[in-house]
Amino acid sequence: VRAAWLCAIVAGLSAACWSLVTPAFQAPDEQDHYGYVALLAHTGRPPSSSDEVAEPEELVALIDLRYLSLRHQPRNRAISAQAEQRTLEEGLEEVRQQHFERRSTGAGVASSEPPLYYALELIPYGMAGTVLDRLALMRLLSALMAAITALFAYLFVRETLPRARWAWVVGGLGVALVPLLGFMSGAVNPDSMLFAVSSALFYCLARAFRRGLTPRMAMHIGAVIAVGLLTKLNFVGLVPGAIFGVVVLSMRAARPRARIGVRSLALACGVAISPVVLYATVNTLSNHAPLGIVSHALSSSHVSLGEIGYIWQLYLPRLPGMGSDFPGLFTTRQLWFNGYVGLYGWFDTTFPGWVYNVALIPAGVIAALCIRELLLSRRVLRARVAELATYSLMAVGLLTLIGAASYTGFPARSSEFAEARYLLPLLPLLATVLVLAARGAGRRWGPAVGVWIVVLFFAHDLFSQLLVVSRFYG
Amino acid sequence: MREARVALVAGLALTILAIGAMLSHSPAAVIRTNGLAATVPLGHVGENARLCQRGEEVPRDTSALVVSLSAFHGPRLKAEVLAGARVVDDGSLGSDWTGRTATIPVRPPAIAIPQATICVALSTRHEQVTPFGQPTAPALAARDNGSALPGRMRIEYLASGTRSWWSLAASTAEHMGLGRGAGGIWVPFLAGALMAAAAVTAAAALLRELR
């Protein structure tokens with residue numbers, strides 16, 4: 001367990017460093033997520049519209065920090081003169097001395113998100129006096145979420161690969177040093193908490209598969225799902241797979257004692273959906289749509305063959321008979337792999353092109369070692385097919401959700417939500433891949449390969465931070 | 001265990017060497033712009049568009065053209081620099097660029113090219129691309145396959161810089177301290193200390209567990 005805490009510390013330190021490196025509001029949608037917390041702090045209510053109007057202090061900061069001229073324009077630099085800093089400080093001081101009535105009830109793209117992460121962010125929000133100090137403290141809370149993510153990723157591999165004791169640390173540290181985890185957890189964004197909760201869910205399920213489902217564990221799984229549903233809508237993608245896992249586990253538990261199986265299933269499902277039921281009841285009683293802004297999105301959604309083909313091609317090469325939705329684009333490589341290797345800021349900060357080509361080499365070696373180990377352990381895999389199906393369903397559910405959301409903007413925007421950060425709820429699976437890769441190198445060379453994997457992830461993290469430094473401050 | 005220790009020392013040494021090599025490199029710098037602000041969208045262009053803009057001056061040693069085009073996942077771009085009707089330079093950028101500008105590397109010309117026409121061809125893609133620039137009279141405007149856009153695009157010209165990252169380190173560190181509430185020169189040092197602490201903690205965890 002000590003190693004798990006060390007992994008958590010490494011993740012927390014990396015994310016805290018990212019919180020210093022990334023200029024204010026130059027992470028995806030950070031101004032809206034900050035605005036959500038400000039709205040909660042001032043009105044005590046979550047957003048009721050998707051207006052994008054910041055509080056006056058935030059607005060002054062956005063203007064004086066040249067937010068709009070930095071965003072999407074990688075040739076422009078962050079403020080670089082003491083005079084600009086003074087203008088910023090004077091502007092913030094001036095707006096603090098005046099009383100502005102907040103009129104907006106929206107938080108832009110963040111408006112449709114559930115309130116739990118934002119409610120937690122109220123604590124650091126209330127501890128500082130200015131918008132930039134608040135933002136810095138709020139980012140540190142996100143960094144704490146990165147630590148929780150790495151902690152549970154380590155515990156997940158401990159449960160799923162119990163015989164690979166020496167290699168667990170490779171998975172935990174690998175996840176801790178994923179640059180995209182640090183970048184997103186170094187910003188104000190509910191993704192940071194989503195990664196942590198998803199990691200906890202994977203761990204709970206793995207523990208239940210290894211040690212059996214008890215009513216207590218069922219309640220834990222239900223509680224984690226409930227927290228996830230209150231954190232970010234993307235979590236919904238993991239739920240079908242998790243429910244499948246709970247059903248399988250309940251059936252196993254019912255074999256010796258039927259009542260325990262049924263009770264566990266009821267507890268997990270009951271606790272999991274309780275916040276959704278409560279939310280829908282409150283909305284219905286107050287004559288609002290049951291699921292708030294989400295209800296509108298659900299009512300306008302439809303499934304078609306075209307959509308299924310689109311979702312497939314968003315991740316994988318086109319199959320015969322499918323229309324070409326991404327001509328000239330190898331989505332697996334260009335959207336997802338390149339997005340994972342390096343796409344920071346407002347998706348405007350990238351490495352030189354050759355870096356993405358070179359990155360294929362270590363990725364290929366890790367994949368090959370992992371496949372080798374899987375082939376060597378195929379007998380064990382067969383015995384754990386239900387557990388594998390659970391994790392696979394969770395992954396497929398998440399990918400489908402992202403694909404369906406992207407399809408709503410298609411074809412005007414070919415792949416609006418094709419951002420590698422949306423895959424980070426699956427980080428515990430990456431940890432497993434890394435552990436398997438280290439084991440795949442054999443007992444003699446495995447530790448050395450494990451060290452190389454961690455050093456590689458550390459270097460990737462470090463160079464990603466230097467890239468962001470050069471883009472904004474160079 | 002010995003192999004793990006050697007791998008750790010070698011890996012960290014290589015990382016430090018790579019950082020040193022990177023800091024010796026000179027970042028590209030803007031050596032000229034066409035003076036237009038990229039504030040006005042000039043409509044949308046679709047598949048197989050070919051945008052041409054006359055009256056540009058390409059400085060010598062230009063290593064990349066930064067064209068103000070906006071896309072979520074941009075298509076492959078092929079740029080040509082024409083002197084009259086003759087192509088004197090060209091370059092291309094692969095698909096999946098994103099943002100409000102596209103940086104297209106070109107072969108640095110040995111001499112400046114006055115009164116050049118810059119053409120950018122977009123490969124077939126469904127996603128719309130938006131050029132940004134300033135409105136102008138149709139005679140001066142950029143053209144998409146011969147049809148005038150509402151204005152001219154902003155174009156910047158990049159060339160290899162003369163100062164290495166080492167020589168820019170002090171000013172970069174100073175800039176990092178700005179734009180914050182409680183900022184200052186301590187910011188880059190704290191960031192460095194955090195990553196150093198992460199490295200030490202990770203190394204300790206590895207050496208402890210990989211026995």
Side-chain angles (χ1 to χ4, degrees), chain A residues 3 6-7 9-10 13-14 16-17 20-21 23-24 65 72-75 77-80 84-85 88 128 130 132-133 136 166 168-169 173 177 325 327-329 334-335 338 347-348 353 411-416 418 444-445 447-448 450-452 454-455 458-459 462 465-466 469-470 473-474, chain B residues 1 3-4 6-8 11-12 14-15 18-19 22 27 30 38 66 70 72-73 75-76 94-101 103 123-128 156 165 168 171-176 178-183 187-188 190-191 194-195 197-199 201-202 204-206 208-211:
Chain A
L6 290 177
C7 293
I9 290 169
V10 170
L13 289 168
S14 168
C17 185
L20 291 174
V21 162
L65 289 168
H72 297 313
Q73 302 193 58
R75 307 296 327 155
R77 299 285 180 261
I79 62 168
S80 57
E84 291 174 299
Q85 177 72 20
L88 170 69
T130 70
L132 296 174
D133 288 337
W166 62 269
W168 296 338
V169 71
L173 287 176
L177 292 166
D325 290 333
L329 196 69
Q334 289 173 274
L335 296 183
N338 289 1
F347 320 115
D348 50 21
R413 289 171 175 170
S414 63
S415 44
E416 189 173 4
R444 182 176 175 198
W445 293 106
V451 166
W452 270 92
V454 173
V455 171
F458 175 73
L462 201 58
Q465 290 175 5
L466 290 172
V469 168
S470 67
Y473 311 107
Chain B
M1 182 59 184
E3 285 88 352
V6 171
L8 183 62
L12 289 176
L14 266 177
T15 306
I19 290 172
M22 192 207 77
V30 176
V66 183
S70 172
F72 245 74
H73 293 286
R76 182 178 165 77
S95 55
D96 195 35
W97 53 273
T98 189
R100 284 277 292 271
T101 57
T103 303
S123 66
T124 308
R125 280 288 302 277
H126 290 303
E127 184 168 318
Q128 289 178 332
E156 297 173 355
W165 280 113
L168 294 167
S171 63
T172 304
E174 194 182 320
H175 298 164
M176 269 188 85
L178 301 176
R180 301 163 198 279
V187 172
L190 178 60
L194 287 170
M195 281 314 283
T201 311
L206 280 172
R208 184 175 174 271
E209 297 296 311
L210 295 180
R211 280 181 295 205

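- If you take CZ on Arg180(B) and CG on Asp133(A), they are separated by 11.5 Å, rounding to the nearest 0.5 Å.
- Within the model, atoms CD of Gln334(A) and OG of Ser95(B) stand 3.5 Å from one another, a figure rounded to the nearest 0.5 Å.
- With chain A as partner, the option from Ser70(B), Ser171(B), Pro188(B), Gly179(B) having the largest number of non-hydrogen pairs under 4.5 angstrom is Gly179(B).
- Using a 4.5 Å cut-off between heavy atoms, Trp445(A) contacts chain B through its side chain alone, with no backbone atom that close.
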For this session: Could you go through the side chain to side chain contact (heavy atoms under 4.5 Å, CB included) check for Thr98(B) and His72(A) one step at a time?
Result: CA-CA 8 Å; Thr98(B) 189; His72(A) 297 313; 5.9 Å; no

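- There is no contact between Ala136(A) and chain B, counting heavy-atom distances below 4.5 Å.
- Between chain B and the options Gly450(A), Gly353(A), Ala448(A), the largest number of non-hydrogen pairs under 4.5 Å is found for Ala448(A).
- With chain B as the partner, the residue from Asp348(A), Val10(A), Ile9(A) showing the most heavy-atom pairs under 4.5 Å is Val10(A).
- The OG atom of Ser14(A) sits 9.5 Å away from the CG atom of Leu194(B) when rounded to the nearest 0.5 Å.
- For a residue to count as touching a neighbouring chain, one of its non-hydrogen atoms must lie under 4.5 Å from one of that chain's; by this rule Trp97(B) does not touch chain A.
- For Ile19(B), the parts sitting under 4.5 Å from any heavy atom of chain A are the backbone and the side chain alike.
- Leu178(B) is not listed as a side-chain neighbour of Glu84(A), based on a closest heavy-atom distance of 4.5 Å or more.
- Neither the backbone nor the side chain of Ala78(A) comes within less than 4.5 Å of any heavy atom in chain B.
- Of the residues considered (Ala3(A), Pro74(A), Ser80(A)), Ser80(A) shows the highest number of contacts with chain B, using heavy-atom pairs under 4.5 Å.
- Of the listed residues Ala128(A), Ser470(A), Cys7(A), the one with more heavy-atom pairs under 4.5 angstrom with chain B than any other is Ser470(A).
- Here the side chains of Leu14(B) and Trp452(A) are in contact, with some heavy-atom distance below 4.5 Å.
- Per-residue heavy-atom pair counts under 4.5 Å with chain A were compared for Pro27(B), Gly99(B), Gly94(B), and the maximum is reached by Gly99(B).
- Looking at Val169(A), only its side chain comes within 4.5 Å of chain B, counting heavy atoms on both sides.
- Closest approach of Gly474(A) to Trp165(B), counting heavy atoms only: CA-CZ3, 3.5 Å.
- Ala205(B) and Leu6(A) make their closest contact through CB-CD1, 3.7 Å (heavy atoms, listed as atom of the first residue, atom of the second, distance).
- Contacts between Ala173(B) and chain A at a heavy-atom distance below 4.5 Å are absent for every atom of the residue.
- For a residue to count as touching a neighbouring chain, one of its non-hydrogen atoms must lie under 4.5 Å from one of that chain's; by this rule Leu8(B) touches chain A with backbone and side chain alike.
- Across Thr130(A), Val454(A), Asn338(A), the residue that shares the most heavy-atom pairs under 4.5 angstrom with chain B is Val454(A).
- With values rounded to the nearest 0.5 angstrom, Arg77(A) atom CZ is found 10.5 Å from His175(B) atom NE2.
- Met176(B) CE to Leu20(A) CG: the interatomic distance, rounded to the nearest 0.5 Å, is 6.5 Å.
- Interface remark: of the candidates Val21(A), Leu173(A), Leu88(A), Leu466(A), Leu173(A) forms the most heavy-atom pairs closer than 4.5 Å to chain B.
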